[in-house]
Amino acid sequence: RLRKWQERIRTKDAGERNLQFALSEIDRMASALGVPRSVREVASVIYRRALKEDLIRGRSIEGVATSALYAACRKEGIPRSLEEISEVSRVERKEIGRTYRYISQELGLEMRPVDPKKYVPRFCSELELSEEVQTKANEIIEKTAEEGLLSGKSPTGYAAAAIYAASLLCNEKKTQREVADVAQVTEVTIRNRYQEQIEAMGIHG
Amino acid sequence: MTDPKDTINIENVVASTGIGQELDLQSVAMDLEGADYDPEQFPGLVYRTQNPKSAALIFRSGKIVCTGAKSTDDVHESLRIVFDKLRELQIQVNEDPEIVVQNIVTSADLGRNLNLNAIAIGLGLENIEYEPEQFPGLVYRLDEPEVVALLFGSGKLVITGGKKPKDAEHAVDKIVSRLEDLGLLE
DNA sequence: AACTTACTTTTGAAAGC
DNA sequence: GCTTTAAAAAGTAAGTT
């Protein structure tokens, strides 16, 4: 009986330590990404729910913590791409993606697809582009996405192409390489999305 | 006005069977030309047929998995070839081993572009998986028939998980009527 | 900029780690 | 869970020419 008590305490301590570790990891990654405290709180709630629903079994604590943060960023409307998230995590991109899909399904998070417009302010700020360019990029995304052009395309590449196009239209040109670097996509992707978007917008070549 | 059902094409059929005899894969690997066997990597021996094109995974237990065939007839033809090859090596093979189709992969075309964002909301976020950052297709699981559909922006789709060719037809019918009800087709 | 190759997703069985 | 097989869809990426 005394054994059982000790075991319970040991398990409780271990679980407590694991939770502590997960939350400190979320904090560390959130700081590295520069996201507000509200996002860390949402991420913590998601992690605790995953813990309660026993979703961590067979998965790494780090993986679930990272996925919770990825989901929280999206829920709060300030998404980070899997690429960006994986840069501050020990877990590789592919694992973060599949763990995110798993907890998202199991917890019924009902996540909506990421709106490319959500990337515009941050990317434009990094590129030191004006408000005018941001507005133009949002216009391009809004109008072309309505026509179904967004289907199946990655939100970062889509946003990057619109920003590139907007920078040209507003005479604040950034090169495809510069935009590609902040969005972490290739120039080829920007070119492909850019071509489709300007055609759909009825702009010249 | 082409019926999407008429665009259905079987792309792959997976089936399992067995010869009813245990095998010494090491010796089979030696005698069977073109056999790939690396037990450290995978317990099955890989043997590929050319006509019809397929890959057979042969196990120590005598059980065999055939994949890559484009029809159920091709599965039977491929396995007939495998059985005969084994008989040539003086291995006893049952008369007509039962062949069970485990999965049929099909492709089809709805004929018009799809707005996957609208479809994701329409079908209900709890019923689908759509993560374009990870994969361009929208994953839609049906209960009847029990298959999984991958829908793409082009209107093309993949149906997998079915055991009968009819499963894909029923799935396409259901998807089409569901999207029409939602006003998301055409 | 074009080409080629390769990886992402889903499905199923097999035997073993 | 992983390993291996094949196949489609379309997007993205990387390496060559």
Side-chain angles (χ1 to χ4, degrees), chain A residues 57-60 81-83 93-95 97-98 101-102 150-158 160 176 180 183-193 195-196, chain B residues 7-18 22-23 25 36-49 52-71 74-75 78 99-110 113-114 116 129-142 146-163 167-168:
Chain A
R57 196 171 284 180
R59 257 159 283 270
S60 72
S81 67
L82 287 171
E83 200 61 52
R93 197 199 118 119
K94 185 178 169 183
E95 179 62 20
R98 66 165 58 158
R101 275 180 289 150
Y102 177 69
L150 177 58
S151 289
K153 271 76 165 208
S154 106
T156 48
Y158 207 87
Q176 293 180 0
Q184 296 196 282
V185 297
T186 62
E187 294 166 271
V188 178
T189 294
I190 291 187
R191 277 195 290 276
N192 291 336
R193 297 304 136 250
Q195 286 300 335
E196 295 173 353
Chain B
T7 69
I8 292 178
N9 194 22
I10 294 178
E11 306 289 353
N12 184 25
V13 178
V14 182
S16 60
T17 186
E22 290 234 336
L23 290 168
L25 294 184
D36 284 342
Y37 182 48
D38 183 358
E40 303 278 277
Q41 192 172 65
F42 188 68
L45 179 154
V46 181
Y47 181 72
R48 295 176 170 80
T49 63
K53 193 180 163 201
S54 77
L57 306 178
I58 305 172
F59 298 88
R60 183 187 47 76
S61 64
K63 292 189 175 178
I64 300 173
V65 169
C66 179
T67 183
K70 293 275 183 200
S71 69
D74 280 358
V75 166
S78 290
I99 295 172
V100 181
V101 173
Q102 304 284 359
N103 179 29
I104 296 179
V105 183
T106 296
S107 66
D109 191 349
L110 298 181
N113 291 337
L114 303 176
L116 297 183
E129 264 189 73
Y130 177 47
E131 291 294 332
E133 187 183 349
Q134 301 185 55
F135 185 68
L138 182 153
V139 183
Y140 184 40
R141 288 162 205 280
L142 310 202
E146 197 177 322
V147 299
V148 174
L150 306 178
L151 306 179
F152 296 88
S154 64
K156 296 205 173 138
L157 63 151
V158 170
I159 308 280
T160 185
K163 301 216 182 285
D167 289 342

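Fair warning: this is a prediction, and the values are worked out from it, not measured in the lab. Side-chain atoms are counted along with the backbone in the values below, which use heavy atoms only and exclude waters and symmetry mates.
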Between [N] and [M], how far apart are the two [atom1] atoms, rounded to whole Å?
{"N": "D/dC2", "M": "C/dT8", "atom1": "P", "answer": "12 Å"}
{"N": "C/dA2", "M": "D/dA8", "atom1": "C1'", "answer": "25 Å"}
{"N": "C/dC3", "M": "D/dA7", "atom1": "P", "answer": "24 Å"}

Determine the contact category for [X]: base if any of its heavy atoms lies under 4.0 Å from a base atom, sugar-phosphate if only primed atoms, P, OP1 or OP2 are that close, otherwise nothing.
{"X": "B/Ser61", "answer": "sugar-phosphate"}
{"X": "A/Arg57", "answer": "nothing"}
{"X": "A/Arg59", "answer": "nothing"}
{"X": "B/Val148", "answer": "sugar-phosphate"}

Verdict with reasoning, B/Leu150 to B/Leu138, per side-chain contact (heavy atoms from CB on, under 4.5 Å): CA-CA 5 Å; B/Leu150 306 178; B/Leu138 182 153; over 6 Å; no
[X]: which residues meet the side-chain hydrogen bond (donor to acceptor under 3.5 Å, both in side chains) condition with it, sequence neighbours left out?
{"X": "B/Arg141", "answer": "none"}
{"X": "B/Lys70", "answer": "B/Glu11"}
{"X": "B/Thr7", "answer": "none"}

Look at [X] and [N] and indicate whether a side-chain polar atom (N or O) is within less than 4.0 Å of OP1 or OP2.
{"X": "A/Arg101", "N": "C/dT10", "answer": "yes"}
{"X": "A/Arg98", "N": "C/dT8", "answer": "no"}
{"X": "A/Arg93", "N": "C/dT8", "answer": "no"}

Report the distance from atom [atom1] of [X] to atom [atom2] of [N], rounded to the nearest whole Å.
{"X": "B/Ile64", "N": "D/dT5", "atom1": "CD1", "atom2": "P", "value": "17 Å"}
{"X": "B/Ile104", "N": "D/dA8", "atom1": "CD1", "atom2": "P", "value": "16 Å"}
{"X": "B/Asn12", "N": "C/dT11", "atom1": "CG", "atom2": "C1'", "value": "9 Å"}
{"X": "B/Ile159", "N": "D/dA7", "atom1": "CD1", "atom2": "C1'", "value": "14 Å"}
{"X": "B/Tyr47", "N": "D/dT5", "atom1": "OH", "atom2": "P", "value": "16 Å"}
{"X": "A/Arg191", "N": "C/dA2", "atom1": "CZ", "atom2": "C1'", "value": "11 Å"}
{"X": "B/Tyr37", "N": "C/dG16", "atom1": "OH", "atom2": "P", "value": "9 Å"}
{"X": "B/Lys53", "N": "D/dT5", "atom1": "NZ", "atom2": "P", "value": "13 Å"}

Is the side chain of [X] donor-acceptor paired with the backbone N or O of [Y] at a distance under 3.5 Å, no angle test?
{"X": "A/Ser151", "Y": "B/Leu114", "value": "yes"}
{"X": "B/Thr17", "Y": "B/Ile64", "value": "no"}
{"X": "B/Tyr37", "Y": "B/Tyr47", "value": "no"}
{"X": "B/Glu133", "Y": "A/Leu82", "value": "yes"}

Using Watson-Crick or G-U wobble pairs with both distances under 3.5 Å, give me DNA chain C in dot-bracket, 5' to 3', with [ ] for crossers and | for pairs to another strand. ||||||||.||.|||||
Using the test side chain to side chain contact (heavy atoms under 4.5 Å, CB included), find all partners of A/Asn192 that sit at least two apart in sequence or belong to another chain. A/Val188
Is there, by distance only and without an angle test, a donor paired with an acceptor across the side chain of B/Thr160 and the base of C/dT11 below 3.5 Å? yes
Can you build the contact string for nucleotides 9-17 of chain D? Use B for base contact, S for sugar-phosphate-only contact, and - for no protein heavy atom under 4.0 Å. BBSSSS---
Please figure out whether B/Gly44 or A/Lys94 has its closest DNA chain C nucleotide nearer the 5' end. A/Lys94
For B/Lys163 and for B/Gly62, locate the closest nucleotide of DNA chain C by heavy-atom distance; then report the residue assigned to the nucleotide nearer the 5' terminus. B/Lys163
With the side chain counted from C-beta on, respond yes when B/Ile58 and B/Leu23 share a heavy-atom pair under 4.5 Å apart, and no when they do not. yes
Exactly one of B/Ile99, B/Val14, B/Val101 clears side-chain contact (heavy atoms from CB on, under 4.5 Å) with B/Val75, and that residue is B/Ile99
Shortest side-chain distance from B/Asn103, nucleotide among D/dT5, C/dA13, C/dT11: C/dT11
